[in-house]
2 protein chains.
Amino acid sequence: MTVKTAAVLDGGAPSAATSDTSRAVRSIPEATVARLATYLRVLAVLPADAVVSSAELAESAGVKPAGLRKDLSFLDSQGTRGVGYSVRALTDSIRRAIGAGRSHRVALAGLGNLGQALAGYAGFAARGLVIAALFDADPAKIGRRIGDLPIHDIADAPAVCRAEGVTIGIIATPEECAQQVADTLVRGGVRSVLDFAPGPLRVPPGVELRRVDLAVELQILAFHETRRASPVPAP
Amino acid sequence: MTVKTAAVLDGGAPSAATSDTSRAVRSIPEATVARLATYLRVLAVLPADAVVSSAELAESAGVKPAGLRKDLSFLDSQGTRGVGYSVRALTDSIRRAIGAGRSHRVALAGLGNLGQALAGYAGFAARGLVIAALFDADPAKIGRRIGDLPIHDIADAPAVCRAEGVTIGIIATPEECAQQVADTLVRGGVRSVLDFAPGPLRVPPGVELRRVDLAVELQILAFHETRRASPVPAP
DNA sequence: CTATGTGAACTCGTTCACAGCT
DNA sequence: AGCTGTGAACGAGTTCACATAG
């Protein structure tokens with residue numbers, strides 16, 4: 001088998017790159033952050049007072065022991081040599097490093113099937129993510145409620161986001177409105193955006209952008225399928 | 001701003017790694033494949049008889065010209081020096097390389113909100129992906145139809161998948177059943193799996209696995225938010 | 001003697017600069 | 001002159017081996 005670290009795609013600005021509000025904090029590699037989140041989930045199902053070895057954790061998380069230790073070396077981790085890691089201590093440590101400590105307020109724009117799936121997604125709260133506002137542009141949806149949150153008109157996003165202290169935005173709208181929605185959210189003070197809409201999206205410097213493109217994911221699988229069909233071009 | 005190539009997460013087997021049905025085909029880097037898919041989308045909105053420069057395409061796709069050309073260098077691409085790329089020729093070339101040529105049949109397991117969102121997702125057909133079978137374990141859902149496809153009992157997956165010639169499977173079930181569903185699909189001949197369920201998933205060697213973990217994506221944004229809060233530890 | 005922590009080699013991917021067509 | 005194609009430098013991330021602490 002071949003486990004690949006999922007995908008991606010950048011869709012944002014040309015290069016500008018590293019700029020950011022805070023200066024280049026010499027810190028945890030993004031790839032490591034992703035894995036730390038996974039370790040956190042694995043740790044969650046273990047008794048708080050217990051000790052695990054890197055081998056055990058790695059096994060559960062699907063990575064290699066050495067890699068796991070490398071990841072943990074980025075935090076002020078405190079494993080005990082010859083023994084292992086205290087589940088409680090390690091959990092706290094990762095939480096602190098990753099920001100699962102403080103809670104972040106997120107806005108969700110676009111309440112089609114995908115948006116509703118996201119709205120209903122558990123595991124948000126567990127990770128310190130609080131969905132604080134819902135937006136859509138469809139008059140038929142505006143005003144209705146999902147759970148105990150009302151769906152606001154996307155046009156009101158700037159005001160609502162500020163009022164709710166939202167810093168993270170999720171875009172689950174059709175491709176056409178994605179850019180406009182992003183602009184609106186950013187105007188509301190959103191500094192990190194997770195975009196599910198296909199197509200390029202541009203955000204101002206200082207705003208963090210991540211994309212998940214379903215079509216691209218599938219396309220990559222298709223690629224591997226195709227490759228299977230033609231073992232080797234011609235040696 | 002900081003555009004990051006999206007995420008990920010492995011969750012699969014420990015290492016086994018590179019093994020695969022076909023021998024290591026010296027071929028296109030995965031990162032490049034992801035971008036090629038994007039270029040394809042950009043190209044789709046251009047007149048077939050037209051010529052674009054790497055600069056123009058790169059601008060639209062959100063990458064740098066040099067990088068784009070590097071990507072294109074992996075295929076038998078034929079740009080004309082001093083001029084640019086023929087939209088038609090380039091499109092065909094990418095299609096062929098990526099496998100958007102032949103059509104792949106995919107099975108979708110789990111028809112909750114996310115599953116339905118996926119089932120309704122356009123852009124599949126456009127990319128040569130055909131949803132050929134739907135599965136769920138909920139008796140209330142089995143037998144109903146979405147579009148013109150009936151929802152089958154996941155237990156029938158092996159038979160149905162083989163009958164339908166399915167090679168790609170999408171798992172949109174709750175975490176608890178993910179592993180079992182994966183096993184079932186694989187038994188039905190599925191060779192590539194896209195997993196949306198959190199938690200680790202193990203597939204046999206030779207089966208390609210990709211994961212999209214919403215919680216992890218969000219967690220990464222939260223991380224950047226947190227980092228923003230503390231500019232620099234203490235110089 | 002066990003399991004952690006990490007420097008150093010290595011692999012993969014990105015960036016750049018420029019040579020080569022047209 | 002203009003834009004493609006790519007070798008070579010660079011950087012990020014992964015793997016490994018081993019020194020180190022309990």
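If you're wondering where the values come from, they're calculated on a predicted model, not measured in any experiment. Numbered from 1 within each chain, the chains take letters A, B, ... in sequence-line order.
B/Arg35 contributes no side-chain N or O that, together with a main-chain N or O of B/Val63, makes up a donor-acceptor pair within less than 3.5 Å. Judged purely by atom type and a 3.5 angstrom limit, A/Arg211 uses its side chain to pair as donor or acceptor with the backbone of A/Ala197. A donor-acceptor pair is defined here as one N or O able to donate and one able to accept, closer than 3.5 Å; no such pair exists between the side chain of B/Ser93 and the backbone of B/Leu90.
Across the protein-nucleic acid pair, B/Leu72 atom CG and C/dG13 atom P stand 17 Å apart, rounded to whole Å. When rounded to the nearest whole Å, the span between CG of A/Leu36 and C1' of D/dT14 equals 15 Å. Distance, A/Gln78 CD to C/dG5 P: 9 Å, rounded to whole Å. When the C1' atom of C/dT4 is taken as reference, atom CZ of A/Phe74 falls 16 Å away, rounded to whole Å.
The pair B/Arg210-B/Glu30 counts as a salt bridge, with a side-chain nitrogen and a carboxylate oxygen less than 4.0 angstrom apart.
Under the rule for a ring pair (Phe, Tyr, Trp, His ring centres under 6.0 Å), A/Phe196 has no partner lying at least two apart in sequence or in another chain. Taking the side-chain contact (heavy atoms from CB on, under 4.5 Å) definition, one finds that B/Ala89 meets it with B/Gln78, B/Ser86, sequence neighbours left out. Residues forming a side-chain contact (heavy atoms from CB on, under 4.5 Å) with B/Arg187 (at least two apart in sequence, or on another chain): B/Pro158, B/Asp183, B/Thr184.
Between B/Ser73 and the phosphate of D/dG5, there is no side-chain N or O to OP1/OP2 separation shorter than 4.0 Å. Residue B/Ser54 has no polar side-chain atom (N or O) positioned under 4.0 Å from OP1 or OP2 of D/dC3.
If you check the side chains of B/Gln219 and A/His104, you find no donor sitting under 3.5 Å from an acceptor.
In the region residues 85-98 of chain A, proximity to DNA chain D at under 4.0 angstrom, judged on heavy atoms, holds for none of the residues.
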With the criterion being N/O to N/O and under 3.5 Å, what pairs connect the protein with nucleotides 11-13 of chain D, and how long is each?
none

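Of all the heavy atoms in A/Ile94 and A/Leu43, the pair that sits closest is CD1-CD1, 3.9 Å.
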What string of B, S and - do you get for nucleotides 15-22 of chain D, 5' to 3', when a contact is any protein heavy atom under 4.0 Å?
-> BBB--BBS
Output, in order, the C-alpha distance, side-chain angles, deciding distance and verdict of side-chain contact (heavy atoms from CB on, under 4.5 Å) for A/Glu225 and B/Ile168.
-> CA-CA 8 Å; A/Glu225 283 299 314; B/Ile168 297 178; 3.8 Å; yes
Report the C-alpha distance between A/Glu56 and A/Glu59 in whole Å, list the side-chain angles of each, state the deciding distance to 0.1 Å, and finish with yes or no for side-chain contact (heavy atoms from CB on, under 4.5 Å).
-> CA-CA 5 Å; A/Glu56 295 166 325; A/Glu59 162 69 19; 5.7 Å; no
